[in-house]
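Following: one structure in structure tokens, then a few remarks.
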There are 2 protein chains.
Amino acid sequence: MIIEVNQAPVYIVDDDSDFRESLAWLLDSGGYQCRGFASAEAFLEAYQGEAACLLLDVRMGGMSGLELQHQLLERDYLLPVILITGHGDVPMAVEAMKNHAVDFISKPFDDSQLLALLQRVMAELPQRFKRQALRHQARAGWAELSGREREVAVLVAEGLSNKALAEALGISIKTVEIHRSRVMKKMAAQSLAQLVKMLGTLAQP
Amino acid sequence: MIIEVNQAPVYIVDDDSDFRESLAWLLDSGGYQCRGFASAEAFLEAYQGEAACLLLDVRMGGMSGLELQHQLLERDYLLPVILITGHGDVPMAVEAMKNHAVDFISKPFDDSQLLALLQRVMAELPQRFKRQALRHQARAGWAELSGREREVAVLVAEGLSNKALAEALGISIKTVEIHRSRVMKKMAAQSLAQLVKMLGTLAQP
DNA sequence: TTTTCCCTAGGTGATAATGCCCATGGACAG
DNA sequence: CTGTCCATGGGCATTATCACCTAGGGAAAA
């Protein structure tokens, strides 16, 4: 059997230490580097935004798995979340999936199925975190834009030329050029394509 | 009470005619234009891709709601699907949400809750179908591109200038310009921004 | 073999974008 | 009242992009 070593760690959050350990054993055997947390609060305190995958128990003392997932969304962390529960119901599962969980698994589950799921998730981790980085950059830049600059940014990303923009806003091409230049600088965009992508990440939740 | 008339129709697919009618009554009272279908097959035959919202029963004779949802995904229809079921289980709900259902509702449900959900869905319909149109345009254009043109298209959308592209591919700037021009023409993109957005819709499932 | 498609590349000119200088007037905080 | 930010706009030079023309070589299909 070939054991691959995956660089990105898997974080297990569950207040049942036995379950954490048995899950850790499974993941170790799959070649994953993993670390356990006994509560959602402990994880939130330790997590710094690095690329990883999260295995999350729904029912826990203190903050529940769903609440933790919501917290991560609010902090704009796009790390993939797999929820695990002993006694889940439909509304709970729907809520989790609405909040962009990768999967919602009921115990007991098939070990090989979880490993297969993790493999898929790990494969798309780079894309996910590239997207997260772009989104954070976009948020930071957008916050620095003035009102007029935001208007210009949106229309530039719509594909309008400076000329068309000037007509649309009723100002001179020169002024558009200046706004546009400031937009690119403040958003730290190296190209129009990157600006378009950044604004795209802001448009979608 | 103010009754709004929403232009986009709501399609109800359920093999229980009583339920279809009671649901239609509810939606009428909410100002929605709606139409019922007795089976998934009947709906698929009638649907032409127009903007709409879909209320879908999970259990039906013939094709199930989940199967219909899957069919719509395969045909690249991005119309919003709300699944309704009498006896749903967790895996079923998870599967539906993975396939981009807007919601998964168990009977009996609260009427006002469904109306509120529909209001949200209808509000974002224009965005959704703009995105679908862009995606279809992107697929059609992409199919016509040659191998080299696809390479160029990807790198252009990454933000590379013609000069950088020429160096990356080891060809002259002139040739890059020609490929790029053909890409824009075949993809029917009016601007670089639109090309970037189109390739973005292809990248995501 | 001839036709067709793809990739290659140069020339010329028009249009667009970018970066640098300059400046004016309003609004708002200190 | 003065400094700062914002929006406005002109000039000038460089680079980029794009649209039109030209054309050769290779590969695959008819």
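Residue numbering restarts at 1 for every chain, and letters A, B, ... go by the order of the sequence lines.
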Student check: side-chain heavy atoms of A/Asp14 and A/Leu23 closer than 4.5 Å: no

Would you mind checking if A/Asp103 and B/Lys98 are paired as a salt bridge, meaning a charged N to carboxylate O distance below 4.0 Å? yes

Footprint string (nucleotides 25-30 of chain D, 5' to 3'): B base within contact, S backbone only, - free, heavy atoms under 4.0 Å: ------

For B/Ser146 and B/Glu149, does a side-chain donor sit closer than 3.5 Å to a side-chain acceptor? yes

Which residues in residues 139-166 of chain B have a heavy atom closer than 4.0 Å to any atom of DNA chain D? B/Ser161, B/Asn162, B/Lys163

Residue met sooner reading DNA chain D from 5', once A/Leu169 and B/Lys185 are mapped to nucleotides: A/Leu169

Counting only heavy atoms from other residues, nucleotides and ligands, does the tally under 6.0 Å from CD of B/Glu124 exceed 12? yes

Please classify the nucleic acid contact of A/Ile173 as base, sugar-phosphate, or nothing, using heavy-atom distances under 4.0 Å. nothing

Whichever of A/Arg182 and A/Lys174 has its nearest DNA chain D nucleotide further upstream toward 5': A/Arg182

Does A/Thr175 reach a base, just sugar-phosphate, or nothing at all? Heavy atoms under 4.0 Å. base

Just by distance, no angles: are the side chains of B/Glu50 and B/Tyr77 close enough, under 3.5 Å, to form a donor-acceptor pair? no

Can you figure out which of D/dT17, D/dA7, C/dA9 approaches the side chain of A/His179 most closely? D/dA7

Using whole Å, report how far CD1 of A/Ile171 lies from P of D/dC6. 15 Å

Heavy-atom distance under 4.5 Å between the side chains of A/Leu55 and A/Leu27, does that happen here? yes

